[in-house]
**Q** 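Pasting a structure below so you can have a look.
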Amino acid sequence: MATAIPAGSHPAAQHHYSSTGLDNIKIAIWAFIGSECFFFGSLISTYLVYKGRSVVGPFPHTAWTNPATGQTLHAILNIPVTSVSTFVLLMSSLAMVLAHGAVVRGDRKYSRIWLLATALLGATFLGFQCYEFTSFVHEGLTIKTNLFGSSFFILTGFHGAHVTAGVIWLLTLFFVDMKRGLQPRDAVNVDICALYWHFVDVVWIAIFTLVYLIK
Amino acid sequence: MTAHRSRRRRAAVLTAVVSLAAAACSHQAPNSIFNAHSDFGQVLDGLTNRLLFLAAIVFVLVEGLLLFVIWRYRARPGNTEAKQLHGNTRLEIAWTLVPAILLALIAVPTVRTIFRTEAPAPANSLRVEVIGHQWWWEFRYPDLGVVTANELYLPVGRTAAFDLKTQDVLHSFWIPQLAGGKRDLITNHTNHLWFTPESTFVWNGFCAEYCGASHANMRFRVFTVSPAQFDQWVAHQKSGPVTVAAATPPAGGASAPAPAAQPAPDTATGTFPVADLPGYIVPNTPLPPGAEVPVTQGDAQRGAQLFRTNACIACHTIQGVSPGVVGPNLTHVGSRTTIGAGLYPNDMRHLEAWIKHSEALKPGSKMPPMGKGLPGAMGQLDDQQIADIAAYLSSLK
Amino acid sequence: MATTVAVPSHAEAHEAAPGGIWGWLTTVDHKRIGQLYLYSALFLFLVGGVEALLIRIQLWHPNGTFVTAQTYNELFTMHGTTMIFMVIMPLSAAFFNYLIPLQIGARDVAFPRLNAFSYWVFIMGALFMNAGWFIHAAPDGGWFGYAPLTTRPFSPTLHIDFWVIGLQILGVSSLAAAFNFLTTIINMRAPGMHFMRMPIFTWMAFITQFLLALAFPIITVAVTFLMLDRFFGTQFYEIAAGADPLLWQHLFWLFGHPEVYILILPAFGLVSEVLPIFSRKPLFGYPVMVYSGILIAFLGYGVWAHHMFAVGMGPIADSIFGITTMLIAIPTGVKIFNWLGTMWGGTLRFSTACLFAIGLVALFTIGGLSGVMHSSPPSDLAQTDSYFIVAHFHYVLFGGSMMGLFAGLYFFYPKITGRLMSETLGKWHFWLTFIGMNLTFFPMHFAGLEGMPRRIYRYDANQGWDIWNNLSTWGAFILAVSVIIFVVNFLWSRRRGAIAGNDPWGGATLEWTIPSPPPDYNFATIPTVTSRYPLWDARSPRLTSDVPHTAAGEQAVEVDVAGKHVGDTRFPADTERNAPSVPLTAAQLGIHMPSPTIKPFTTALGLTVMFIGLIHHKSLPIMFLGVAIFLVSLYSWVLSPVEPEH
Amino acid sequence: MTADHTHAATADDAAAEIKAHEYAHTHPTWKTYRWVALILTLITVGEVWVYYVPAITNSPYFVPLLLVLSAAKFAIVVLFYMHLKYDSKVFRALFTGPLVVAITVVISLLFLFGQLAIRLHGS
Ligand code: HEA
Ligand code: HEA
Ligand code: CUA
Ligand SMILES: [Cu+2]
């Protein structure tokens, strides 16, 4: 990591003309986000299409009695816990904008604090998700149980994977900051990470409503 | 020189089109989607003809224009400098509008036809359940209590309403000359198709959705018969297996004489003797090399015993004999024209080969080869035993 | 114009880049990557073509026994998959790579290393999927792999695993490339090249990138479900769990229909480049060509269910999808008529490139018209899954995409290699292709209308299909001859073809102002563009005087960036720097080019190994090895600069 | 991939400083962010609260209400945190276009699978 993220101050940069005055990487990340709309759109569609079509329980919002064993499995989603984790993710977005702002100002202290805070909040969210997944498994819902199990775990799991990638990205930025300090000219590198991070948050906003709250 | 080329090209294109058209008219097309023999088929026909007609007009206009342009504007002495037109708004609007109008001409009848053909079937229709299996067809008449396989009987003049289901993967139910159109059989769905057959005859049916190894071998036959013949057929199907020795006299009463030039159904069973069927109905599939069973005579009595004591009963139903439901119902197998889902003619030679090594006759077949010592074979039958069983099955009229 | 400039040898132009295999593995030059795409795709075209020939030999006569049912099913699956994902798409990608930077006046793409990564992922995915052949496990589920046939209970063996994993890998490549080209086109156009001055090929490529970026996520999800079902026991397509097979169909075709426009729009773009040049006229209705392309792409998202008219979606859905599908004929028709308008009043020179372009206009129309016939749902019930459909898509794919790509290949070959392809062999190639193609695919219309289902490895005699199949097979043999002639021409011309010079055809756009093959930095000085047809403006301003967006047609635009006037030389001043007799190296000119690196290759390798590891539960350690290679390479890539440190 | 890009002309040190300066003008400030966070929190609280009020969950307005609330959150994050409101229209096009098409596709799929129709009849 010695070379660290090359900054825009490259002498070569002067040879590169840009048609719009925008950063290439920022255009690319927005294109990527546009593309991700379809990725999550497909996953969400699948979840909604399969809603109420599982042959066996457990179900998200209603209890289910296994006709074979007589055992009753209660509605599986845990709204209070997920509300908290949703709030955590929202707050991580706030930390993210503050981190970006600090980098832009050249404020080394706060850039580190907020970058780390964002990553930790993200990790907290992941912790909640781990807790949620394990408790679901204990209650008898796995990816193999029914259509709900498959579509739920894979949708939220892919979201979780995005959060994980984001946390790793944030930590990388944090370590670069520790090592050589992020300068204002690095702002674009933080900016694209932030865009990604907020997008992941936005996806969760949709998931929280569509999966957890709508019965 | 280029002029030469385009002239040659036009000539080539013309010859091709004309000869293809000629060939199209002069030869037999027993599975054509045109001139289908049902109300449904005719509705589709009308629409398809309209589409073809419009497509032909656009084709001639566009290709004609193209040929004109490349001939007229080829570089040659006297045409050395291009006119630098770069666009013409009015023209461009024109060639946006004209296609739009043409499309409206097909969109309107299309939507009308959709709503007509996808309406619910009339209440008094004959209900038929079609169940797709890898790679054969099960036909059930729930109101009549009849279950059969690979050969479908329908009375003319009465609407047949099909409930299409599948036991495994997707298939598609297609009788080109009867219905014209097809419908897919979709797992966990029941699909619908209905039409009223208008002529008595026999038709080819196909599976039209790729369904694995033997998709090509998943065919069936449809017999459209008069209502009286249909009733007779139903009555026969409902009776238990009728073991008919070589020359048993017809059991039933007199039936209406069949129209000339049409195959007449056997009066006893309401089914058709193979010899009367047109060539494209009787399968010509060659047996794979080495599949032939040398023994040609079998004992039906012994065969019945062997059938009961071997794996056969696990999969096949013969009314009063065995309850298996994995494979086709064989209660009246001897009266069918084909075996293996329309793949081979139903005779001793093919039956024997089939029982001995079905997999070689029909790749992927879920029926294990019953011949002794064959790789993957389940059965322990020697050639004589196979001949006996074949004789028994042939006798199940 | 300095059209007679001698061609520099390749070595000179690439002095700085390492040579040999290592040079190719580490290259980040869009032109070399473009060539890699080109050679790979042409090779795979031969593979897919041989598969087609085997199919045709099997169907030559009724009840053919040339191959087994299983082999046949593998053949058509791999033929379709190969031709679509490993031939037409990478051939288009070859042109995107080679041409987009040249046409917009850039030195490279926005992310040169990502570009190399895309190629390596593509070729590894293609090799992986074809590896199935060598262990008797080539995919056999059809190119659209309908569930539940492709789920574990019905396809227990490795066949489908190769398909599923191969598609995932190929998808990564397309997505990465799409973001790259989107950025390149948005942000790296030369000063003055606003969108309505962009060469039409670049425009169509631009639209295609949107389609790629927005369609591939959907197939990724659909295939991921299948992969998880097969490997980890999820239930997405598990019929026993109540799954709905239509989910796969909707997701697949939501991708699949945009995909067919991904396959055709680049070819449309190439033809729109070729026809004006050989008519000696500007493209007729350039803005309308652009808008119709956009409209085709947009409408392409609202028609997917026309592949599912037989599944029983109900009358309302059938009507809606039928009508939206018909609507696409309008913008496509506009394109056809505008090409005719381009030729109208021109002085047509029938070079091979021009012939192929005209071939597209003639043949695509036929495919388009049968497409419109399918778009009427009740009538499609009769056509669907019959050879009538096979006829349709070969007319649009071979008659459209392939013809257009061949046109582009003959046209741009001199730019890529510095030499012209033989016109004599080229004409042979064209005429045999034209005849062979019609002889192969036109009879399929009749076979289909006479009831021949598709994807059958054998058919019975007496069905009336013999003659059509016989003709088709002979046509395929003619095509094989034409392909061999093409291969010979391609190889021969590389060494023996006539020297091309900068601008052999009298081109109009930036790529024709620089040497052939271009130096690695493309443009010694980034030009300032004041016109849609800069070269024509310079050569014969009188002719373009009333064409909008040309120098004479409107005020030239001054461009300043960050307070500095960019481009010392207004285009197309022909200085020694821009078109020197012996091109200078980047170093001599003081231009910094991205340095070669192996990291994209190793990252792609890691990714591929990771996916391959999925194929068997015993191979999971291989997957982790892949993850490790991937992460290490990615990190060292991301943390190292694009260009050498100074 | 962060580094694999060629920087824009403005990206030398001086320019970056200018950029930072401009940024302060064109981007929302700490105050805005605080407000945004507060509003987001309130909406979330509202959503969860609604979930526990039987009178609302049983009413036909429950689903539309939730959809509106989450759409509002979605929009706020995108406009302010992702500063789309202040940024180039290129980004707006790259995001909004696909988003609209994707949402349309999701809705059409729900209709095609009968999930939406059922809901409409059921309420
Ligand atoms: C390059 C790829 C390509 C292109 C461009 C197209 C273009 C079109 N396709 Fe095609 N299509 C495929 C590739 C392509 N297709 C493939 C691969 C399949 C099969 C997949 C499989 O099952 O394996 C398929 C299948 C397919 C089906 C499903 C059939 C079935 O399985 O039942 C349908 C149905 O509507 C269809 C329609 C159309 C239409 C309306 C167009 C339109 O875009 C065509 C528009 C063009 C014109 C109409 C010609 C020019 C216009 C004029 C000259 C103007 C005047 C014209 C009129 C007024 C009509 N296509
Ligand atoms: C761009 C796409 C493309 C192209 C170019 C082609 C090209 C050809 N296709 Fe293909 N085809 C598809 C896309 C394409 N196809 C698709 C998507 C399917 C559907 C698959 C499915 O159902 O899943 C299909 C299906 C398909 C079928 C239907 C199979 C079936 O349903 O059972 C047939 C049948 O004839 C066929 C034939 C051909 C032929 C003869 C060619 C010819 O044009 C090929 C010409 C090329 C050659 C003849 C190669 C010559 C090479 C040599 C001679 C080697 C020389 C070697 C050296 C010099 C080293 N194709
Ligand atoms: Cu059943 Cu194909
Ligand atoms: Cu389509």
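Every value quoted in this text rests on a predicted model; they were computed, and no experiment measured them. Just so we're on the same page: letters track the sequence lines, and every chain starts at 1.
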**Q** When rounded to the nearest 0.5 angstrom, what distance separates CD1 in A:Ile205 from OG1 in D:Thr44?
**A** 7.0 Å

**Q** Please state whether the side chain, the backbone, both or neither of D:Val101 comes within less than 4.5 Å of a heavy atom of chain A.
**A** both

**Q** Counting only heavy atoms closer than 4.5 Å, note whether A:Met91 contacts chain D via side chain, backbone, both or neither.
**A** side chain

**Q** Quick one: closest heavy-atom pair of A:Gly34 and D:Pro98, and the distance?
**A** O-CB, 3.5 Å

**Q** List the atom of A:Phe38, the atom of D:Ala102, and the distance in Å for their closest heavy-atom pair.
**A** CZ-N, 3.7 Å

**Q** Measure the spacing between OG of A:Ser42 and CG of D:Leu109 and express it to the nearest 0.5 Å.
**A** 8.0 Å

**Q** Non-hydrogen atoms of chain A under 4.5 Å away: do they reach the side chain of D:Phe62, the backbone, both or neither?
**A** side chain

**Q** Check whether any side-chain heavy atom of A:Leu94 lies under 4.5 Å from a side-chain heavy atom of D:Arg34, and answer yes or no.
**A** no

**Q** Specify which of D:Val106, D:Leu66, D:Val45, D:Val77 makes the most heavy-atom pairs with chain A at under 4.5 Å.
**A** D:Leu66

**Q** Which heavy atom in D:Ser70 sits nearest to a heavy atom in A:Thr209, and how many Å separate them?
**A** CB-OG1, 3.0 Å

**Q** Using non-hydrogen atoms only, which part of A:Leu98 is less than 4.5 Å away from chain D: side chain, backbone, both, or neither?
**A** side chain

**Q** Is NZ or CZ of D:Lys73 both nearer than 6.0 Å to the six-membered ring centre of A:Phe208 and within 45° of the ring axis?
**A** no

**Q** Search all heavy atoms of A:Leu195 against all heavy atoms of D:Met82 and return the closest pair with its distance.
**A** O-CE, 3.4 Å

**Q** Can you see which heavy atom on D:Phe95 is nearest to which on A:Phe199, and at what distance?
**A** CE1-CE1, 4.1 Å

**Q** Looking at side-chain heavy atoms only, is the closest gap between A:Ile79 and D:Tyr52 below 4.5 Å?
**A** yes

**Q** Sort D:Thr96 into side chain, backbone, both or neither according to what part of it lies under 4.5 angstrom from a heavy atom of chain A.
**A** neither

**Q** Check each atom of A:Thr86 against the heavy atoms of chain D and say whether the ones under 4.5 Å are side chain, backbone, both or neither.
**A** side chain

